[in-house]
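Down below is the structure, laid out as structure tokens.
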Amino acid sequence: MTFTLLKAIDEYKNDPESVYQTWFINNNDRLKAFRTIKNAIKVVIKEIENNTFPCDFKGSSLEVAISAIAEQKQIFEGAAHAFYWKPKLRIPDIYENEDNKKAFGQFLKETLLYNQEKQLIYNIRKLQEKKYKRTRSCSR
């Protein structure tokens with residue numbers, strides 16, 4: 001690396017207002033938030049396994065988990081949008097289709113066990129293969 005790039009990196013890391021300082025370094029609030037997110041995801045998994053997961057995102061345990069994620073940084077704003085029920089588009093089909101709901105729960109459960117990026121990417125690809133589009137009515 002060139003001297004100028006190293007200097008810029010050093011300045012960024014030492015800037016008390018930088019994301020590096022405010023988000024990544026010695027941030028106990030951030031660590032607590034990750035525990036909250038992990039626990040919220042465990043609730044989603046449990047509800048899916050117990051067949052008590054609701055038919056809608058609003059007010060669900062999934063909304064709690066996604067909200068906790070979105071609160072971490074503005075880059076995550078709008079993260080919940082993908083999980084809002086859109087009946088005309090049949091998206092996402094984790095609210096109507098039991099097979100898709102179970103696959104989503106299994107995805108979350110396995111993801112909690114991973115500690116390597118390649119494992120997560122593999123799990124995402126496995127979930128993508130489900131191609132959520134089939135429909136059934138939700139009875140809850």
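Reckoned from all heavy atoms, side chains included, excluding hydrogens, waters and symmetry mates.
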d(Glu11 CD, Thr4 OG1) to nearest 0.5 Å is 10.5 Å

Hey, mind stepping through Glu129 and Lys126 against salt bridge (Lys or Arg N to Asp or Glu O under 4.0 Å) and telling me if it holds? CA-CA 5 Å; Glu129 290 173 6; Lys126 214 167 68 171; over 6 Å; no

Indicate if Ile41 and Ile124 have the same hydrophobic cluster label, given that clusters are the connected sets of ILVMFWY residues with side-chain heavy-atom separations under 4.5 angstrom. yes

Does a sphere of radius 6.0 Å around NZ in Lys38 hold more than 12 heavy atoms from other residues, nucleotides or ligands, not counting ones at 6.0 Å or beyond? no

Check whether Leu108 and Phe34 end up in the same hydrophobic cluster, where Ile, Leu, Val, Met, Phe, Trp and Tyr are linked by side-chain heavy atoms less than 4.5 Å apart. yes

Criterion side-chain contact (heavy atoms from CB on, under 4.5 Å) against Lys46, the qualifying member of Asn50, Val43, Val44: Asn50

Given side chains that start at C-beta, do those of Gln106 and Leu127 come closer than 4.5 Å, heavy atoms only? no

Going from CD1 on Ile48 to CG on Asn100, what distance comes out if it is rounded to the nearest 0.5 angstrom? 11.0 Å

Would one find more than 12 heavy atoms of other residues, nucleotides or ligands at under 6.0 Å from atom OH of Tyr114? yes

Once rounded to the nearest 0.5 Å, what's the spacing between atom NZ of Lys42 and atom CD1 of Ile37? 13.0 Å

Between Leu120 and Phe104, is there shared hydrophobic-cluster membership here, with clusters defined by ILVMFWY side-chain heavy atoms closer than 4.5 Å? yes

CG (Leu112) and CZ (Phe107) are apart, to the nearest 0.5 Å, by 9.5 Å

Report yes or no: do Glu47 and Thr52 form a side-chain donor-acceptor pair below 3.5 Å? no

Say whether, by atom type as modelled, one donor and one acceptor occur between the side chain of Asp10 and the main chain of Leu6 under 3.5 angstrom. no

Without swapping roles, check the side chain of Lys109 against the backbone of Ile45 for a donor-acceptor pair under 3.5 Å. no

From Phe53 atom CZ to Lys102 atom NZ, the distance as rounded to the nearest 0.5 Å: 11.0 Å

Within a strict 4.5 Å, meaning less than it, do heavy atoms of the Glu110 and Gln119 side chains meet? no

